[in-house]
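Heads up: the structure comes next, in structure tokens.
Quick note: numbers below take in every heavy atom, side chains included, and nothing from hydrogens, waters or symmetry partners. Since we're looking at a predicted model, the values are computed, not measured. Counting starts at 1 for both ligands and their atoms, in listed order.
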Amino acid sequence: MTTQPSEAFVYLRGEFVPNSAATLNVRTHGFLYGTAVFEGVKAYWTPERETMFIFRALDHYRRLHQSCRILRLKPTLSVNQMVALTSEIIERNGCTEDTYLRPIVYKADERVGPLLDVPGTVDDFCLFTTPMSAYMDTQKGLHLCVSSWRRIDDNMIPARAKVNGAYVNTALAKTDAALSGYDDAIVLTEDGHVAEGSAMNLFLVRDGKLITPSVSSNILEGITRATVIELAQKELGLTIESRQVDRTELYIADEIFVCGTAVEVSPVTRVDHRNIGDGTVGPITKQLYDLYDQVIHGRHPDYTHWLTPVKAAVLSGS
Ligand SMILES: Cc1ncc(COP(=O)(O)O)c(C=O)c1O
């Protein structure tokens, strides 16, 4: 059984420390101004192989480095070093169940004043694990609302970068949706087009085609989104339209699903109290859900290059 977060190791300031010792000063720049970037990475336990597989680790750390470039952060570790530390923390924490990993590069200097580039300042890398099976009960079909909160624009806080402070936007949309009885929210761009879910990308099916808001729609360029596009094209032979999407296209879609590292591929069966299609999980969504499930668990031979095995997890966890 995975070590629980309260006792687990956290990587902070260049070393593994117990969770209770993983503390930051209140003056830390990343805390004062949200000047940090992060990733959500998932590793899956595959019982028949007795192995943890990290899904698309390289892609997550490449994106983390891109987020650093946007926010003028200087990561002290390479992409490969970050992947290696991710394997190591899974081993050290004896993870033998589906696990979410949160790597963060943050402005670590203790300083009042928002300026990013101050000579001599330090940007640190930290990483922790937390067990995560289902993010929410998604297979029943989600009921989403269109949020009254708009997605922050590329020229405000770029959604393309996973900036910690930007997730206030997500928190507002998700919380108001939950308080109104919805499972989650869809956010629109400032000009009223569909961007994405609160922390997930969104796809529609119309007349057998897969449609998703383009990368210029103030979305995070999701790794699950890219995975779904590749699987839909190669395995199902579907045509993909990556373009501007109107709000009312949601209401007339045959199927809708959301996707992301945490939410995986999850059907949406209602939006704003309107049934999507016949209000049940659609056939294309179901096929993509099944394919994704095979791929992340190493059960599809054509996509094992996306998996980093952490074999030793079993040894140190038992
Ligand atoms: C705003 C936002 N959009 C989309 C996604 C999905 O991205 P990914 O598939 O890379 O996890 C996430 C999740 O991290 C997110 O926070």
For [X] and ligand 1, does the shortest N/O to N/O distance drop below 3.5 Å?
| X | answer |
| --- | --- |
| T170 | no |
| S198 | no |
| R151 | no |
| I223 | yes |

* To do: Using a strict cut-off of 4.0 Å, indicate which atoms of ligand 1 neighbour a heavy atom of Y167.
  =>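 Reading through ligand 1 atom by atom, the close ones are 1 (C), 2 (C), 15 (C), 16 (O).
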* **Per-atom contacts of ligand 1 with G222, taking only distances under 4.0 Å to non-hydrogen atoms** =>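 In order of numbering, the contacting atoms are 7 (O), 8 (P), 9 (O), 10 (O).
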In the protein, which heavy atom is nearest to [atom], and how far is it?
| atom | answer |
| --- | --- |
| atom 9 (O) of ligand 1 | T224 OG1, 2.5 Å |
| atom 1 (C) of ligand 1 | E196 OE2, 3.4 Å |
| atom 14 (O) of ligand 1 | K162 NZ, 2.5 Å |
| atom 11 (O) of ligand 1 | T261 OG1, 2.6 Å |

* Asked: Below 4.5 Å, heavy atoms only, C-beta onward: do R151 and E196 meet side chain to side chain?
  ->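 R151 vs E196: side chains touch.
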* Nearest to atom 2 (C) of ligand 1 by heavy atom, C259, A199, A166: which? ->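 It is A199 whose heavy atom sits nearest to atom 2 (C) of ligand 1.
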Under a 3.5 Å cutoff, is there a donor and acceptor pairing between the side chains of [X] and [Y]?
| X | Y | value |
| --- | --- | --- |
| R225 | S242 | yes |
| N93 | T129 | yes |
| Y167 | K162 | yes |
| D191 | T189 | yes |

* To do: Inspect the contact between R72 and D117 and indicate whether a charged nitrogen and a carboxylate oxygen are less than 4.0 angstrom apart.
  =>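 Yes, D117 and R72 are salt-bridged.
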* **Charged N-O contact under 4.0 Å between R102 and E39** =>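 Looking at E39 together with R102, the answer is no, because their closest N to O distance does not fall below 4.0 Å.
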* Asked: Where does the angle between the aromatic ring planes of F257 and F203 fall among parallel (under 30°), tilted (30 to 60°) and perpendicular (over 60°)?
  ->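 F257 and F203: parallel rings.
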* Looking at ligand 1, does R63 have a heavy atom less than 4.0 Å from it? ->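 Distance cut 4.0 Å: R63 passes for ligand 1.
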